[in-house]
Amino acid sequence: MERLLVVSSSPHIHSPLDTQKVMGWVLAALAPAGLAGVYFFGVRAAAVMAVCVASCVIFEYLWEKCLKKPSTVNDLSAAVTGLLLAYNLPPTIPFWMAVLGSLFAMVVVKHLFGGLGCNIVNPALAARAMMLTSWPVPMTTWTIDGVSGPTPLALIKMGATDQLPPLQDLFIGHVGGCIGETSALALLIGFGILLYKDIIKWHIPVVYVATVAVLSVAFQRPVTPLYEILSGGLLLGAIFMATDYVTTPVTRRGQIIFAVGCGVLATLIRTWGGYPEGVSYSILIMNLVVPLIDRATKPHIFGEVKKHA
Amino acid sequence: MKLPTFWGGIHPPQNKVLTADEKIEQYLPKGELVFPMPQNIGAPCAPVVAKGDRVLVGTRLGNNDAFVSAPILSSVSGTVKDVTLRMTTPGTFENCVVVENDGKYEKAPEWQPLPDYENIDPKEYLKRIRDAGIVGFGGATFPTAVKLSPPPDKKIKWLIVNGVECEPYLNCDNRLMLESPDEVVNGLKLVLRLFPEAQGVIAIENNKPEAVKTMEEAVKRLGASGITVQPLAVKYPQGAEKMLIEALTGQEYVVTALPADVGCIILNVRTTQQIYRAIALGEPAVTRVVTVTGDAVAHPKNISVPLGTSVRELVELCGGFKEQPVKILSGGPMMGVSMRSIDVPVVKGTSGILALTAKSAMLKPITACLHCGKCVEACPMGLVPTVLEPLVAARMYKRFEEEGGMNCIECGSCTYVCPAHRPLTQGCRDGKASVMAMRRKAAAK
Ligand code: SF4
Ligand code: SF4
């Protein structure tokens, strides 16, 4: 009756959550923000998303094919990077720029560092930073309802707080900005999905946003803390990019330090930096110190007393 | 009220329903029984019978006079057929005494209750516990008489009966508490005579509310004043000694220390019951309860079997396999040992036989670590498995030790949660074994 039995060492059962499912749920959680983007910015936004996702997946596929490595496109992480990159671009971005951004994200940031799990910074954010430096004008041209104009954060920077859109527009996403960052409502739904499915814990997003809120008061920013939180890419960054497994600390304490650091840097850049927005740079800079944070926040080993140096 | 528990840990699916309501069934085998000589932690036994000898239930088959050892007794009456190498659970061949069962189950005359056992010097219990072959029946098989003889400078404050049974699928301890609560409580009462200053605690995870209730009633009925029943929040690996002590007393201790160093002694439910039976009823510890279960088994059951019975007979008693098993385990799915064959005998450490189909035992491809931190969150020992595994792969054993790798209790929690299916527990196990081997080599020089 019994044929050859599998012999392996324990444990013998496994949680159903695997990499592909994790990435699948991240995509699902990103979906509401994508729909909001298409709703407010039109089909052009959908086209940008399609271009970014397709090129990220194709570049990863080709790269691994050329290097004769096993293909990892099925783990869906390339699709997640593509979608996140699209969410960080203006809806009017020329397609060829989006393609080059995807190439940079996949090949330079992800695969030259060794592929999934080995990259040091978030590929989508690094690509966005590269694009912002290379093509500053198309990367900061915002249109809403067919007219272009500055984003709320730019208005704050210019001191033109009297022209700011009302808070409820900010909440539902009816303002100029990147494709996936404007609708707080859609992003919060995504946050709910990630929490419910236990893909991420609440610590990083909540601490990050809370730090920004507190500092916006401390730095006497001209808008209320709630307005500060809902403007720009903070929610997108806090929920989806500062929680990227690969580029954030592994311990809970480390994650909290990381989130506080992001909050401080983002507010500093928003207040005193050259750009109106500081979320991407704050996360990129904190990505770089993750190895240090990990080393400094090792968990307490059971039963071990602190050693004297 | 929030129930006590420990830091870290995981919540694997319980799968206990398969056998939770199955009454323990007595099974009396026919034919030959096989008794491997190594059956406990410590010194393995050597055969003390020869081919052709007549043996009775409770006759000593193997013995070792070393302090850390426990004799092996026959579970049936019959004739010694052979003393030879036979395959055992992990797939290795060991020296075994083979007894041809005469089916009479005649008990050796020396097995009588200890006279006036409730009033004699409790030190006499220790000899009986050893002679009865009692070891930790939870699976660790540490000789119980040794455990109950801590160095005199260790003050024992807690005597803990481990009814946690945190491994998924298994129900033998649960059923025992439901069916023989008085014997368990009486066993604990006897042990408490050895440690009059200790408090008795019966620890049970809260997924067994009936067992909690039954034990509470038994404690009340038997007027056991120094004993409490403590329900615990459900979490794996709560049955591990360190985690159980943390949950109950909030104490931690270094990996090289023993529970006695923090004033605790932990006994398995079955072990406690066997102590009572050996002392009060004059019964040697020659049977154990085995949960035979898994989605490949036709009729999963809890069976009381004489040690030495072939695992194949137990599977047949459960109606055989209804589906093709790909993996058969001795013990639970988290820490059990996978078997090459079911033609091996039940030993003192066999807590369950678990036959899994391809669906539930699927081996998944290993992919790159995502740095997600789930393993760190799961590790009850506060280790960082994602760092340890690559260190072992790179043979950096010194760094492995520095990062606390030797603290790993091989509970499997990290591997269970890893979305990349990294062999984290396996890495730590290899790392520990290599470090131990190096230490032995260094000591031999
Ligand atoms: S590292 Fe060891 S102790 Fe920690 S979870 Fe993994 S197996 Fe358990
Ligand atoms: S659980 Fe697995 S993927 Fe996550 S950090 Fe640990 S080893 Fe890496």
Side-chain angles (χ1 to χ4, degrees), chain A residues 1-23 25 69-70 72 74-75 77 114-120 198-201 203-204 243-255 290-291 294-295 297-305 307, chain B residues 7 10 12-13 91 168 242 246 252-255 257 320-321 324-329 333-342 356 360-364 367-373 375-377 379-384 386 403-404 407 410 412-413 415-421 425-426 429:
Chain A
M1 166 89 191
E2 69 282 359
R3 285 190 305 242
L4 220 48
L5 294 169
V6 176
V7 176
S8 64
S9 88
S10 64
H12 306 280
I13 50 171
H14 202 285
S15 143
L17 197 67
D18 58 21
T19 305
Q20 191 192 34
K21 287 205 185 84
V22 167
M23 297 299 167
W25 281 112
K69 286 198 192 171
T72 55
N74 280 337
D75 69 20
S77 63
L116 183 65
C118 301
N119 48 298
I120 298 167
D198 205 24
I199 306 296
I200 62 167
K201 295 276 194 274
H203 305 74
I204 293 182
T243 55
D244 168 19
Y245 287 159
V246 177
T247 55
T248 51
V250 287
T251 65
R252 190 71 65 236
R253 265 190 310 148
Q255 290 170 356
V290 164
D294 269 344
R295 213 165 310 151
T297 58
K298 280 187 216 152
H300 154 78
I301 296 178
F302 183 93
E304 214 135 280
V305 268
K307 284 198 196 81
Chain B
W7 189 89
I10 55 168
K242 293 186 175 66
E246 181 188 348
E252 291 186 5
Y253 54 99
V254 288
V255 69
F321 298 121
Q324 178 69 44
V326 299
K327 225 186 217 188
I328 302 183
L329 309 175
M334 293 303 298
M335 293 187 79
V337 178
S338 63
M339 305 198 289
R340 276 168 223 283
S341 155
I342 55 173
L356 299 173
S360 42
M362 206 156 33
L363 295 172
K364 309 230 177 86
T367 53
C369 166
L370 298 172
H371 208 247
C372 69
C375 53
V376 184
E377 203 181 319
C379 179
M381 296 300 290
L383 307 178
V384 185
T386 172
E403 297 288 335
N407 290 283
E410 301 175 25
S413 301
T415 309
Y416 176 83
V417 292
C418 177
H421 308 130
T425 309
Q426 296 84 338
R429 186 176 291 136

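A quick note: this is a predicted structure, and the numbers were derived from the prediction, not measured. Reminder, nothing fancy here: chain letters follow the sequence lines and each chain counts from 1.
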Trainee: Could you report the tightest heavy-atom contact between A:Leu5 and B:Pro325, atom names first, then the distance?
Mentor: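 Taking every non-hydrogen atom into account, CD2-O, 3.8 Å.
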Trainee: Please state whether the side chain, the backbone, both or neither of A:Thr248 comes within less than 4.5 Å of a heavy atom of chain B.
Mentor: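 Backbone of A:Thr248 only, per the 4.5 Å heavy-atom cut-off to chain B.
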Trainee: Can you tell which part of B:Val376 gets under 4.5 Å to a heavy atom of chain A, answering side chain, backbone, both or neither?
Mentor: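 Just its side chain gets close to chain A.
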Trainee: Using 0.5 Å steps for rounding, measure from the CD1 atom of A:Ile301 to the CE atom of B:Met381.
Mentor: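 Between atom CD1 of A:Ile301 and atom CE of B:Met381 there are 8.5 Å.
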Trainee: With chain A as the partner, which of B:Pro380, B:Pro419, B:Gly336 has the greatest number of non-hydrogen pairs under 4.5 Å?
Mentor: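 Winner by heavy-atom pair count: B:Pro419.
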Trainee: How close do A:Gly303 and B:Glu252 get, counting heavy atoms only, and between which atoms?
Mentor: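 Of all heavy-atom pairs spanning A:Gly303 and B:Glu252, the closest is N-OE1, 2.8 Å.
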Trainee: Which one wins on heavy-atom pair count under 4.5 Å against chain A: B:Gly320, B:Gly404, B:Cys369?
Mentor: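 Winner by heavy-atom pair count: B:Cys369.
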Trainee: With the side chain counted from C-beta on, respond yes when B:Met335 and A:Ser9 share a heavy-atom pair under 4.5 Å apart, and no when they do not.
Mentor: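 No. Closest side-chain heavy atoms not under 4.5 Å.
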Trainee: For A:Asp75, which atoms come within 4.5 Å of any heavy atom of chain B: side chain, backbone, both, or neither?
Mentor: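 Answer is neither: A:Asp75 stays 4.5 Å or more from chain B.
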Trainee: Please identify, among B:Gly373, B:Cys372, B:Pro13, the residue contributing the most non-hydrogen atom pairs under 4.5 Å to chain A.
Mentor: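 If we count pairs closer than 4.5 Å to chain A, B:Cys372 comes out on top.
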Trainee: Check A:Thr247, A:Asn119, A:Leu116, A:Val250 against B:His371 for a side chain to side chain contact (heavy atoms under 4.5 Å, CB included) and give me the one that passes.
Mentor: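 Passing option: A:Val250.
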Trainee: Within the side chain of B:His421, is there an N or O that forms a donor-acceptor pair under 3.5 Å with the backbone of A:Asp18?
Mentor: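 Answer holds: no.
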Trainee: Should B:Lys327 and A:Ser8 be marked as a side-chain contact (heavy atoms from CB on, under 4.5 Å) after you check the CA-CA gap, both sets of side-chain angles, and the distance that decides it?
Mentor: CA-CA 9 Å; B:Lys327 225 186 217 188; A:Ser8 64; 2.7 Å; yes
Trainee: Please classify the contact of A:Ile200 with chain B as side chain, backbone, both or neither, using a heavy-atom distance under 4.5 Å.
Mentor: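 Neither; nothing under 4.5 Å.
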Trainee: Is there a side-chain contact (heavy atoms from CB on, under 4.5 Å) between B:Glu246 and A:Phe302? Walk through the geometry before answering.
Mentor: CA-CA 10 Å; B:Glu246 181 188 348; A:Phe302 183 93; 3.1 Å; yes
Trainee: Specify which of A:Gly254, A:Pro299, A:Cys118 makes the most heavy-atom pairs with chain B at under 4.5 Å.
Mentor: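 The residue among A:Gly254, A:Pro299, A:Cys118 with the greatest pair count is A:Pro299.
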Trainee: Sequence neighbours excluded, which residues qualify as side chain to side chain contact (heavy atoms under 4.5 Å, CB included) partners of B:Glu377?
Mentor: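 Per chain and number, B:Glu377 pairs via side chain to side chain contact (heavy atoms under 4.5 Å, CB included) with A:Lys201, A:Arg252.
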Trainee: As an exercise, state the distance from CG of A:Asp244 to CG of B:Leu370, rounded to the nearest 0.5 Å.
Mentor: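 Going from CG on A:Asp244 over to CG on B:Leu370, the span is 9.0 Å.
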Trainee: Which one, B:Thr386, B:Thr415, B:Leu383, leads in non-hydrogen pairs under 4.5 Å with chain A?
Mentor: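 Ranked by heavy-atom pairs under 4.5 Å with chain A, first place is B:Thr415.
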Trainee: So which of B:Ser338, B:Pro168, B:Gly91, B:Ala368 has the largest heavy-atom pair count under 4.5 angstrom toward chain A?
Mentor: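 Among the listed options, the one with the most contacts to chain A is B:Ser338.
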Trainee: So which part of A:Val6 gets closer than 4.5 Å to some heavy atom of chain B, the side chain, the backbone, both or neither?
Mentor: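 For A:Val6, backbone and side chain are both near chain B.
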Trainee: Using heavy-atom distances under 4.5 Å, tell me whether B:Pro333 contacts chain A through its side chain, its backbone, both, or neither.
Mentor: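 For B:Pro333, the contact with chain A is made by backbone and side chain together.
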Trainee: For chain A, find which of B:Thr367, B:Val337, B:Leu329, B:Val255 contributes the most heavy-atom pairs closer than 4.5 angstrom.
Mentor: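 Answer, by heavy-atom pair count under 4.5 Å with chain A: B:Leu329.
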